[in-house]
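First comes the structure, then the notes that go with it.
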Number of protein chains: 2
Amino acid sequence: MAKPSKREQIVYAAMDLFYQEGFHATGIEKIREKAGVSKKTLYNHFRSKDELMLATLRKREELFMSGFTRKVEQPDTSSRERLAMVFDALDEWFQEKGFYGCMFINASAEFSDLDDPCYKLCAEHKQLVHDYIKDLAEQAGVGDPDELSTQLNLLIEGAIVQAHTCNDKTAAMRAKKMGKVFIEQALP
Amino acid sequence: MAKPSKREQIVYAAMDLFYQEGFHATGIEKIREKAGVSKKTLYNHFRSKDELMLATLRKREELFMSGFTRKVEQPDTSSRERLAMVFDALDEWFQEKGFYGCMFINASAEFSDLDDPCYKLCAEHKQLVHDYIKDLAEQAGVGDPDELSTQLNLLIEGAIVQAHTCNDKTAAMRAKKMGKVFIEQALP
DNA sequence: CCACAAGGAAACCGAACGGTATACTTTTGA
DNA sequence: TCAAAAGTATACCGTTCGGTTTCCTTGTGG
């Protein structure tokens, strides 16, 4: 694989640290060290810590969505099946060693102001996931795809919190079982 | 009402600030100022910021549970009805001006280490809520009260996240509608 | 080949952090 | 009543923060 650019090194280091230890708790010096670059290089690529946080969240969004859709869109599966497989994708995620909840939920815990750029990005992320599942529902022929997507997303968020805050790694399968009720209700 | 002790003043000020702006982002000086006490008094009552955080979370737990149970346990309601009223209590909470999500979810976003005392306290809180709803389910005659409580709690967490991160204040009523499905399933 | 951008190491900046110490005033209970 | 306890105000401590600057080295493309 091609060696990553300095910018990528920085973003990936920041992502790990922000995710595991939080945004305010992570200092620039720590990121610089983990990225293996000089402070000057870091500030050549990002004007401030705030800008780096935003770039990191955008990268996270990109990585999450590509991984998520790849797991959901297994070959030879119907859209209806894929609606339920959303929870299998979650389950895979929860079992990972470095699972510390949803980075966007975590970020919006630290940046609660509605006008904060980080908070806005978190809301955008949730909207993108909603739109994706809504599309799946639409393709499956659901009558009110928006409602089903909102319901399934509520289950997703609930599962993430139980997996993280309660350290309950079975939450995804519980949510799947619950989700199936609403999928069947919407697609009799 | 009796005037609050210095200790209470400090804890309430800390609660507001930690809740709205986060734990790492809130400095001792800000808490001291809001509480209207001197720094010495603050450190007479709490050995460190960490100790104050823990005391604050414990107070929050106490306030949350007393308010929550009060809202749920309306007179002349059956345990079955109370199971659904959990979501009405949530709804009231979401409509409050100063709603910034669940303080314990927010805290565990900042303290992800399983051994961290704050994280442990968050997990304990979730366990207490689980036990309370489990008791309600048991009194209602549910066959597997533990399972129903876990399901309803998943809906609760999901609603909280949607209400906060997505700024969707209708989440509680959505969760209620979804919860009723499982309540009816458990109590035919 | 070499000019010029990019990177590295480290000193440095002012501000804010958590926490302590000092000196004085107020509250309060036996 | 009066000394101990608790409070205030403020200066202070070392550390860390986000961010800048300086000087030197290392690519790298025309």
Side-chain angles (χ1 to χ4, degrees), chain A residues 2-59 106-107 109-113 116-119 121, chain B residues 1-59 106-107 109-111 113 116-119 121:
Chain A
K3 66 177 177 183
S5 71
K6 297 288 173 186
R7 190 187 168 91
E8 279 178 316
Q9 285 175 243
I10 296 166
V11 168
Y12 279 100
M15 196 154 66
D16 281 357
L17 290 167
F18 286 150
Y19 182 46
Q20 291 175 35
E21 304 183 13
F23 293 84
H24 287 96
T26 300
I28 287 288
E29 169 60 20
K30 223 174 185 175
I31 296 171
R32 183 209 64 75
E33 190 186 356
K34 177 151 189 163
V37 301
S38 73
K39 223 166 175 181
K40 191 174 185 203
T41 300
L42 196 154
Y43 278 102
N44 271 349
H45 287 283
F46 305 96
R47 273 197 273 213
S48 64
K49 184 184 179 182
D50 288 310
E51 199 175 296
L52 174 56
M53 291 190 307
L54 290 172
T56 302
L57 285 171
R58 279 191 222 101
K59 187 69 181 179
N106 296 354
E110 291 197 53
F111 308 98
S112 284
D113 186 347
D116 189 288
C118 281
Y119 173 86
L121 232 154
Chain B
M1 54 190 179
K3 68 177 177 184
S5 69
K6 297 288 173 184
R7 190 187 168 91
E8 279 178 316
Q9 284 176 243
I10 296 165
V11 168
Y12 279 101
M15 197 155 66
D16 281 356
L17 290 167
F18 285 150
Y19 182 47
Q20 290 174 34
E21 304 184 12
F23 293 84
H24 287 97
T26 301
I28 287 289
E29 169 59 21
K30 222 174 186 174
I31 296 170
R32 183 208 65 74
E33 190 186 358
K34 177 151 191 165
V37 301
S38 72
K39 224 166 175 181
K40 190 173 185 205
T41 299
L42 195 153
Y43 278 101
N44 272 349
H45 287 284
F46 305 96
R47 272 198 277 220
S48 64
K49 184 182 179 182
D50 288 313
E51 200 174 295
L52 174 56
M53 292 190 306
L54 290 173
T56 302
L57 285 172
R58 278 190 223 101
K59 188 69 180 176
N106 295 354
E110 290 197 54
F111 308 97
D113 186 346
D116 189 289
C118 282
Y119 173 85
L121 232 154

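A note on names: the letters A, B, ... follow the listed sequences, proteins ahead of strands, and every chain is numbered from 1. Keep in mind that this is a model prediction, so the values were computed, not measured.
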Any A/His45 side-chain N or O less than 4.0 Å from OP1/OP2 of C/dG7: yes
Integer-rounded Å distance: D/dG7 P and B/Gln9 CD: 10 Å
A/Asn44 CG - D/dG27 P separation (whole Å): 17 Å
For the pair made of NE2 in B/His24 and P in D/dT15, what is the distance, rounded to whole Å? 20 Å
I'd like to know if A/Lys49 reaches the base of D/dG18 with its side chain such that a donor and an acceptor end up less than 3.5 angstrom apart. no
Figure out the OH/C1' separation between B/Tyr43 and C/dT20, and round it to whole Å. 9 Å
Is there a donor-acceptor pair closer than 3.5 Å between any side-chain N or O of A/Lys30 and the backbone N or O of A/Ala25? no
Starting at CD1 of B/Ile31 and ending at C1' of C/dC17, how long is that distance when rounded to a whole Å? 12 Å
Has A/Gln20 got a side-chain atom pairing as donor or acceptor with A/Leu17's backbone, closer than 3.5 angstrom? no
Kindly determine whether B/Phe18 and B/Leu57 satisfy side-chain contact (heavy atoms from CB on, under 4.5 Å), including the steps that lead there. CA-CA 10 Å; B/Phe18 285 150; B/Leu57 285 172; over 6 Å; no
Among D/dT10, D/dT8, D/dG18, the one nearest B/Lys39 by side-chain distance: D/dT10
Would you mind telling me which of C/dG7, D/dG18, D/dG7 lies closest to the side-chain atoms of A/Lys40? C/dG7
Taking the minimum atom-to-atom distance to the side chain of B/Ser38, which one of C/dG18, D/dG7, C/dG7 wins? D/dG7
Rounded to whole Å, how long is the line connecting atom CZ of A/Arg7 with atom C1' of C/dG7? 16 Å
Between C/dG18 atom C1' and B/Leu17 atom CG, what is the distance in whole Å? 16 Å
Just compare C/dG7, C/dT20, D/dG19 and give me whichever is closest to any side-chain atom of A/Thr41. C/dG7
So if I apply the side chain to side chain contact (heavy atoms under 4.5 Å, CB included) rule between B/Lys6 and each of B/Asn44, B/Leu42, B/Val37, which one comes out positive? B/Val37
Take atom CD of A/Glu29 and atom P of C/dA10, then tell me their distance rounded to the nearest Å. 11 Å
Salt bridge check, B/Glu29 against B/Arg32: does any charged N sit closer than 4.0 Å to a carboxylate O? yes
